[in-house]
Structure formats: C-alpha cells, structure tokens
Number of protein chains: 2
Amino acid sequence: MIKIGEMSKRTGIPVTTIRYYEKVGLLPAPGRLESGYRLYNRAHLERINFLKNTRKLGFSQQRIKALVSLLENPNRTSEKVKISVQSQLEEIREKRLLIQNIENQLKQIIAKCDGGEKSECPILETFHEET
Amino acid sequence: MIKIGEMSKRTGIPVTTIRYYEKVGLLPAPGRLESGYRLYNRAHLERINFLKNTRKLGFSQQRIKALVSLLENPNRTSEKVKISVQSQLEEIREKRLLIQNIENQLKQIIAKCDGGEKSECPILETFHEET
DNA sequence: GTTTGACTCTATACCTACTGTAGAGTCTAG
DNA sequence: CTAGACTCTACAGTAGGTATAGAGTCAAAC
C-alpha cells in the first residue's frame, strides 16, 4: 500500500493528475488513512499504467472509460476490445491525413515567397483570400 | 457597413466566434449603432478571412497575433512573414510525426489480436505494461 | 399601431484534459 | 520539538471556442 507521492514516482504521472483521474471516474477511489491520505494498492498501479498507455496513444477519456468497462466486464470478448482500438486507429488516421494536408499547404505557401525586402508579400495575400 | 449576422454569412464564421475574436484581441472592435449593434466594414471582413485561413492551417492565436502585428507594421519584410510560417510548418511537421508514430503503434497492437472469443486479450495486456 | 419573429446584446457556464495555486493539516527525520 | 516534505480540498486558469439565459432592437405583416 503506497501513498500518492510514491505512486506518482512509480508511474511518472503527476500527483495532481492522479487525483484528477479519481475525480473524473477513471481511477477507483482508494482507501484512506485516518489522516485522509489516499492509500493505493497493486490494482490502482495497474489502472494508472493503463491510463498512461492509452493516453499516450491519444485515446479520449470517453474511449478510455469504454475500454475500462470492457476491462471490468467478465463477459468481454477480445473482439470488442479490438473494435474499440480500431475505431481509435481510424480517428487517428483521419487526424494524420488532416495534418498532412495542412503540412502540404504550408509548404506550397512558403514556396510562393522569394524572401525579398519589398513590402509586397505573397504569403499575406494568400491569407487574405476568400475561401 | 454590415451587421454581425451578415458578416457571419459572408465568412462562414459563427456570430459567437466573431464576438470572441474581438474579445481576445484578434479582431479590432468595430463601430456601433445607437442600439449597440456592431457595424463592420471591409477591413473587418478581410481580417476575419485572415483569421479563418490561418486557423485552418492550425496557427495558434499567439502566432496569429504575431502575424497580425507584422501585417499592421509598415516596416515589415516578407522575410519575417516567411520565417513565422516556416516555424508553423516545423510545428505541424512534428505533430504529424507524433501522430504517425501513434498510428503505427496502434496498427501493431491491433495485429496482436486474433479476435478469439477467449477472455485473454493481448491488447489489454499491452495497455497494462509498465513503460 | 402593434405584434411577431428574427436579430443582437452582455454575461456566464461549459467543453477536454489537465495544471497551478492558496491555505490548512500531517508525517518524519534530526 | 521543530523544520521541511508531504498531503488534503477547493477553486482558478489554459486554448479555442460553443451554448445558454435573459433582455433589448429591428423590420415587416396585419
């Protein structure tokens, strides 16, 4: 049984964030000492690692909650888990396409500028276009 | 001279967002009718198009403000504008690399799952790893 | 002339996913 | 026994807006 500071050290998740995860329902409320200090066990450590890993993969809190309830459901199938992760992949893929599109547009816009010292500026002109 | 609803129609930017841009200093405060209604001119329309285009390219408000002050500076050089847009490109490129990395990880994780009906689940196991 | 409906105003709350701060209490090593 | 580290709650702030409440205004139909 460890206190929140030790948990923070072991997981690399800030103390404030751990308390926040409890508040939003991603982490079960732990037991408390008489002083009110939180006391975590092995299961909490595992849950925080779970949150850390899914967060790194860009999962939203909503999707993480869905995964957690699968996790806690004894009737879960790995198929359902897979479908959830595939949705996440699709979302990420769309974000990547969007950002790639922006990247290409920026490159084209930069290419318009010859870097002269005149006050005319093809980049600013582009930004003023009606679209 | 047009009212805010007409401006919204012409630019496609919601009325609430136009007021918000004024509040955060991206759009100069327009004149008002006696009733208090905002009245916009050609310059405001151009500014809103500018905001719309830079926002579409993922510029932060901070960077947009920097661009706007270049825009308003008669001593600006197109070189300075170019440098600002190049910084934006670099930021976007890094975001894209990050998201591509996530995408690849997700693909690898999904590939671990054979979709069986057993309760064991390589995906959930991956999410529980200490990292 | 009035009434209806669309429009506008301000102010405030809400969103995601946290982070930071104030002020008070607790624990532990010297 | 005290100093410093740790923990607690509650609330405010971040970016970039969106949504809502309640009040006032404008234009056209009747």
Side-chain angles (χ1 to χ4, degrees), chain A residues 1-27 29-41 44 47-68 88 91-92 94-95 98-99 102, chain B residues 1-27 29-41 44 47-48 50-68 88 91-92 95 98-99 102:
Chain A
M1 304 291 276
I2 57 175
K3 283 185 285 185
I4 198 165
E6 176 66 17
M7 181 63 102
S8 172
K9 261 181 218 146
R10 290 206 198 168
T11 59
I13 300 296
V15 166
T16 45
T17 304
I18 295 174
R19 284 195 282 250
Y20 168 74
Y21 284 155
E22 178 181 335
K23 198 168 135 197
V24 298
L26 287 171
L27 181 66
R32 302 266 185 153
L33 287 174
E34 288 193 4
S35 59
Y37 285 19
R38 290 167 177 83
L39 267 194
Y40 295 102
N41 59 28
H44 294 106
R47 172 65 59 85
I48 291 174
N49 279 325
F50 186 91
L51 299 177
K52 188 181 165 190
N53 289 323
T54 48
R55 192 182 60 161
K56 265 193 201 160
L57 293 169
F59 283 77
S60 69
Q61 283 191 0
Q62 205 175 17
R63 219 188 274 283
I64 294 177
K65 275 186 192 169
L67 273 180
V68 163
Q88 174 66 10
E91 215 170 273
I92 286 288
E94 272 162 30
K95 258 190 201 157
L98 212 66
I99 211 159
I102 289 176
Chain B
M1 303 290 276
I2 57 176
K3 283 185 283 184
I4 199 166
E6 177 65 18
M7 181 63 103
S8 173
K9 262 180 217 146
R10 290 204 199 169
T11 58
I13 300 295
V15 165
T16 46
T17 304
I18 295 175
R19 285 196 281 250
Y20 168 74
Y21 284 155
E22 178 182 335
K23 196 169 136 197
V24 297
L26 285 171
L27 181 66
R32 303 264 186 154
L33 288 174
E34 289 194 4
S35 60
Y37 285 20
R38 290 168 177 81
L39 266 195
Y40 295 102
N41 60 27
H44 294 107
R47 173 64 60 86
I48 291 174
F50 186 90
L51 299 177
K52 188 180 164 190
N53 289 324
T54 48
R55 190 181 61 159
K56 264 193 202 161
L57 293 169
F59 282 77
S60 69
Q61 284 191 2
Q62 206 175 16
R63 218 187 274 284
I64 294 177
K65 275 185 192 169
L67 272 180
V68 163
Q88 174 67 8
E91 215 169 272
I92 286 288
K95 259 190 200 157
L98 213 67
I99 211 158
I102 289 176

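Chain identifiers are assigned alphabetically (A, B, ...) following the order of the sequence lines, protein sequences preceding nucleic acid strands; residue numbering begins at 1 within each chain.
By the side-chain contact (heavy atoms from CB on, under 4.5 Å) test, Arg19(A) is found to be paired with Ile4(A), Val15(A), Thr16(A), Arg38(A), residues two or more places apart in sequence or in another chain being considered. Annotation: salt bridge (Lys or Arg N to Asp or Glu O under 4.0 Å) contacts of Arg55(A) (sequence neighbours excluded): none.
Taking atom CG on Leu26(B) and atom C1' on dG17(D), their separation rounds to 12 Å, with Å as the unit. Taking atom OH of residue Tyr20(B) and atom P of nucleotide dT14(D), one finds them 11 Å apart after rounding to whole Å. Atom-to-atom, CD1 of Ile64(B) to C1' of dG16(D) comes out at 10 Å; the value is rounded to the nearest Å. Rounded to whole Å, atom C1' of dG16(D) lies 13 Å from atom CD of Gln62(B). Atoms CD1 (Ile18(B)) and P (dA19(D)) sit 15 Å apart, rounded to a whole Å.
The existence of a salt bridge linking Lys95(A) and Glu91(A) is excluded, since no basic side-chain nitrogen approaches an acidic carboxylate oxygen closer than 4.0 Å.
Summarising the geometry, atom CD1 belonging to Ile18(A) is positioned 4.5 Å from atom OG1 belonging to Thr11(A); distances are rounded to the nearest 0.5 Å. Within the model, atoms OH of Tyr40(B) and CD1 of Ile48(B) stand 6.0 Å from one another, a figure rounded to the nearest 0.5 Å. Rounding to the nearest 0.5 angstrom, the gap separating the OH atom in Tyr21(A) from the NZ atom in Lys52(A) is 10.5 Å.
Toward the 5′ end of DNA chain D lies the nearest nucleotide of Gln61(B), the other residue of the pair Gln61(B) and Lys3(B) mapping further downstream. Taking the nucleotide of DNA chain C with the nearest heavy atom to each of Ile4(B) and Arg55(A), the more 5' of the two is matched to Ile4(B).
Contact annotation: the side chain of Thr54(B) never approaches that of Gln88(B) to less than 4.5 Å [non-hydrogen atoms, C-beta and beyond]. Under the 4.5 Å side-chain criterion, counting only non-hydrogen atoms from C-beta, Arg32(B) is not in contact with Leu39(B). Here the side chains of Pro30(A) and Glu22(A) are in contact, with some heavy-atom distance below 4.5 Å.
Near DNA chain C, meaning a heavy atom under 4.0 Å from it, residues 7-16 of chain B has no residue at all. For DNA chain D, the neighbouring residues in residues 29-40 of chain B, judged by any heavy atom under 4.0 Å, are Ser35(B), Tyr37(B).
Listed for the Asn53(B) side chain is no donor-acceptor partner under 3.5 Å among the backbone atoms of Lys56(B).
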**OP:** Begin with the C-alpha distance, continue with both residues' side-chain angles, and end with the deciding distance and a verdict on side chain to side chain contact (heavy atoms under 4.5 Å, CB included) for Arg47(A) and Val68(A).
**Re:** CA-CA 9 Å; Arg47(A) 172 65 59 85; Val68(A) 163; 3.6 Å; yes
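Backbone-only engagement by Tyr21(B) is indicated by non-hydrogen atom pairs under 4.0 Å involving sugar-phosphate atoms exclusively.
When DNA chain C is scanned 5' to 3' for any atom under 4.0 Å from a heavy atom of chain A, the first and last hits are dA17(C) to dC27(C).
When all heavy atoms of Ile92(B) and Ile102(A) are compared, the pair lying nearest together is CD1-CG2, 4.0 Å. The minimum heavy-atom distance linking Lys65(B) with Val24(B) is given by the pair NZ-O, 3.0 Å.
Axis orientation changes by 30° from one end of the helix from dG1(C)-dC30(D) to dG30(C)-dC1(D) to the other, with each end axis drawn from 5 pairs and the value rounded to 10°.
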